[in-house]
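Report on one structure; see the data block that follows.
Computed from heavy atoms alone, side chains included, the values below leave out hydrogens, waters and symmetry copies.
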Amino acid sequence: MAARSVILGIDLGTTSVKAALVETAPGDPSGFLVLASCARAARAEAAAQSAAAGPQGREQDVSRIIQALNECLAALPQQLLQEVCGIGVSGQMHGVMFWKTGQGCEWTEGGASPVFEPRAVSHLVTWQDGRCSSEFLASLPRPESHLSVASGFGCATIFWLSKNSPEFLKSYDAVGTIHDYVVAMLCGLPRSLMCDQNAASWGYFNTQSQSWNLEILRTSGFPIHLLPDIAEAGSLAGRTSRAWFGVPKGTRVGVALGDLQASVYSCMAQRTDAVLNISTSVQLATSMPPGFQPAQTPDPTAPVTYFPYFDRTYLAVAASLNGGNVLAAFVHMLVQWMADLGLEVEEPTVYSCMIQAAAQQRDTCLTITPTVWGERHLPDQLASVTRISSSDLSLGHVTRALCRGIVQNLHSMLPFQQLKEWGVERVIGSGSALSRNEVLKQEVQRAFPFPVSFGQDVDAAVGAALVMLRRNLNQKES
């Protein structure tokens with residue numbers, strides 16, 4: 001191991017890919033320094049969605065995600081990449097993609113060192129996918145887990161494909177999240193490997209026994225041969241099979257983590273902290289005490305769920321499907337309206353103008369419930385606007401009400417009084433939608449009865465690096 005421990009952290013998000021180079025702070029083993037970081041828009045919405053999935057399908061082009069990852073790494077300092085001694089990876093949970101073992105990518109010479117390009121892979125069916133209707137979900141077997149199953153969860157998607165597109169599944173023999181795929185390609189793994197955090201996000205996984213509900217799935221006709229092997233979050237997946245953007249061959253790679261857990265790991269300094277992440281979606285998370293075990297009966301109507309963290313502990317999480325994607329939908333609507341009126345304007349310009357207008361409009365009586373995509377515990381709920389008056393119709397009023405609505409919707413899922421009862425004393429805000437939106441920050445500070453501080457846009461990438469730095473470097477591979 002090099003005298004200097006530089007770790008590469010990667011986060012494969014829904015709308016962007018981020019990378020960060022991290023090392024231990026001199027003289028402070030618990031501290032860290034971010035040496036360099038980079039973010040690139042994924043722009044990965046698949047041009048041709050699966051016809052069978054209908055308009056509710058949400059798929060991304062894996063090649064575009066990997067292209068954004070390659071652009072990120074190419075932008076990082078080459079000298080620092082050559083000093084990397086470990087790689088940590090996190091990414092968007094719940095989603096599923098398929099690939100053919102041994103043919104999932106092709107390594108090509110890309111300048112200084114090889115890069116890999118996806119080959120025999122499917123689209124990524126994301127957590128936003130809505131092809132599994134309430135009726136379809138009700139037809140599935142009850143999981144032996146404390147977590148229920150929703151549309152966009154990996155196992156629900158595979159169930160849907162096995163019933164509606166069985167021929168599709170015959171083309172592949174490996175599945176995982178997008179970040180599991182990247183780890184498998186980097187290490188040349190013979191089988192897909194997944195940590196308990198991501199397995200729990202798929203459904204039909206028992207966090208106490210650390211195993212899939214194999215008997216339940218088998219008797220229901222689920223293709224269990226596809227399911228990944230399980231590794232503990234924070235363990236090693238293997239070593240890089242080739243040099244990669246200057247990162248040496250044989251560099252240790254951690255098993256891929258959930259982006260929520262990685263963000264929390266980078267932000268939560270004390271057990272009395274809660275972490276609010278607003279990116280494409282929203283999560284409000286706080287740690288439960290050691291020894292806590294959630295009830296093993298899933299409740300699909302519960303707005304708070306318990307996600308596995310590290311060392312068999314849990315996070316209490318209110319996970320809303322409506323966050324930065326709501327603001328993006330609003331911007332897209334405005335741009336489309338203007339196009340219908342014969343005017344052309346770029347979305348970044350609209351976003352900047354509406355945030356500026358809302359910053360000048362400090363309050364509003366307009367009320368927006370922003371659940372455009374419903375919620376997992378209320379899948380059929382739609383958005384609404386109430387208390388409309390002629391004085392509250394400006395762009396500033398509407399944008400202010402929209403930002404407030406995102407925060408208030410979260411409050412309805414996890415009342416802040418409950419956080420107080422759990423001993424929370426501080427909230428740390430993170431995520432791309434929050435980091436670049438001053439109005440959203442104001443609404444967060446206004447709503448929470450705690451001190452609020454804000455992290456960085458690359459918190460999940462940094463968290464993945466820190467897990468590698470603090471937990472993995474002295475372990476042996478799984």
Side-chain angles (χ1 to χ4, degrees), residues 1-13 16-26 32-42 62-91 104-119 178-189 193 236-257 259 262 266 456-475 477:
M1 189 186 301
R4 185 183 188 188
S5 295
V6 177
I7 307 296
L8 171 63
I10 294 167
D11 178 54
L12 303 160
S16 62
V17 173
K18 304 178 182 76
L21 291 165
V22 177
E23 73 169 344
T24 305
F32 64 92
L33 297 173
V34 178
L35 302 173
S37 65
C38 182
R40 289 288 185 272
V62 172
S63 294
R64 291 188 187 176
I65 298 172
I66 301 305
Q67 181 182 342
L69 173 61
N70 290 341
E71 290 172 4
C72 265
L73 293 178
L76 293 174
Q78 179 76 15
Q79 180 58 43
L80 289 176
L81 286 169
Q82 292 172 359
E83 296 184 54
V84 165
C85 60
I87 301 173
V89 184
S90 70
C105 75
E106 181 179 344
W107 286 87
T108 58
E109 293 298 327
S113 67
V115 298
F116 71 88
E117 301 288 346
R119 284 297 177 261
I178 180 65
H179 33 308
D180 295 324
Y181 166 76
V182 167
V183 168
M185 297 306 104
L186 288 179
C187 299
L189 298 181
L193 185 65
L236 289 170
R239 294 177 181 266
T240 53
S241 61
R242 300 169 184 250
W244 186 52
F245 284 96
V247 176
K249 177 182 177 180
T251 298
R252 298 181 182 195
V253 183
V255 64
L257 307 171
D259 54 357
S266 73
Q456 303 174 352
D457 188 13
V458 291
D459 286 326
V462 170
L466 290 177
V467 170
M468 188 73 200
L469 186 65
R470 295 172 180 169
R471 302 172 63 91
N472 284 354
L473 288 185
N474 296 319
Q475 292 183 17
E477 285 85 346

> For the residue pair A68 and A41, what are the closest heavy atoms and their distance?
Replying inline: CB-O, 3.8 Å

> If only atom types and distance count, is the side chain of T240 paired as donor or acceptor with the main-chain N or O of V253 below 3.5 Å?
Replying inline: no

> Under the side chain to side chain donor-acceptor pair (under 3.5 Å) test, which residues partner S16, sequence neighbours left out?
Replying inline: K18

> If you take all heavy atoms of P248 and V84, which pair is closest and at what distance?
Replying inline: CD-O, 3.6 Å

>> Does any part of the side chain of L73, heavy atoms only, come nearer than 4.5 Å to the side chain of V115, both counted from C-beta?
In response: no

>> Contact between N70 and F245 at the side-chain level, heavy atoms closer than 4.5 Å - yes or no?
In response: yes

> Listed by chain and number, what are the side-chain contact (heavy atoms from CB on, under 4.5 Å) partners of A256, not counting sequence neighbours?
Replying inline: H179, D180, V183, N198

> Taking atom CG of L69 and atom CG of L12, what is their separation to the nearest 0.5 Å?
Replying inline: 6.0 Å

> Taking only residues two or more places apart in sequence, or in another chain, which ones meet R242 in a side-chain contact (heavy atoms from CB on, under 4.5 Å)?
Replying inline: W107

> Please walk me through it: do F116 and L186 pass side-chain contact (heavy atoms from CB on, under 4.5 Å)?
Replying inline: CA-CA 8 Å; F116 71 88; L186 288 179; 3.9 Å; yes

> Do you know which two heavy atoms are closest between S241 and M185, and how far apart they sit?
Replying inline: OG-O, 4.3 Å

> Who passes side-chain contact (heavy atoms from CB on, under 4.5 Å) against A75, sequence neighbours left out?
Replying inline: C38, R40

>> Let's go through C85 and I7 carefully: what are the C-alpha distance in whole Å and the side-chain angles of both, what is the deciding distance for side-chain contact (heavy atoms from CB on, under 4.5 Å) to 0.1 Å, and is it a yes or a no?
In response: CA-CA 6 Å; C85 60; I7 307 296; 4.0 Å; yes

> Taking all non-hydrogen atoms of both residues, which atom of E23 and which atom of L469 are closest, and how far apart?
Replying inline: C-CD2, 4.2 Å

>> Q82: which residues meet the side chain to side chain donor-acceptor pair (under 3.5 Å) condition with it, sequence neighbours left out?
In response: none

> What closest approach, in Å, do L466 and S266 show between heavy atoms, and which atom pair accounts for it?
Replying inline: CD1-CA, 4.1 Å

>> Side chains of F32 and V462, heavy atoms from C-beta outward: is any pair under 4.5 Å?
In response: yes

> Can you name the side chain to side chain donor-acceptor pair (under 3.5 Å) partners of D11, sequence neighbours left out?
Replying inline: S90

>> In the structure I gave you, are the side-chain heavy atoms of L21 and S37 within less than 4.5 Å of one another anywhere?
In response: no

> At what distance, to the nearest 0.5 angstrom, does CG of L8 lie from CG of L76?
Replying inline: 7.0 Å

> Can you name the residues that form a side-chain contact (heavy atoms from CB on, under 4.5 Å) with P118, not counting sequence neighbours?
Replying inline: V62, S63, I66, V121, Y181

> Looking at residues at least two apart in the chain, or sitting in another chain, which of them share a salt bridge (charged side-chain N to carboxylate O under 4.0 Å, His left out) with E117?
Replying inline: none

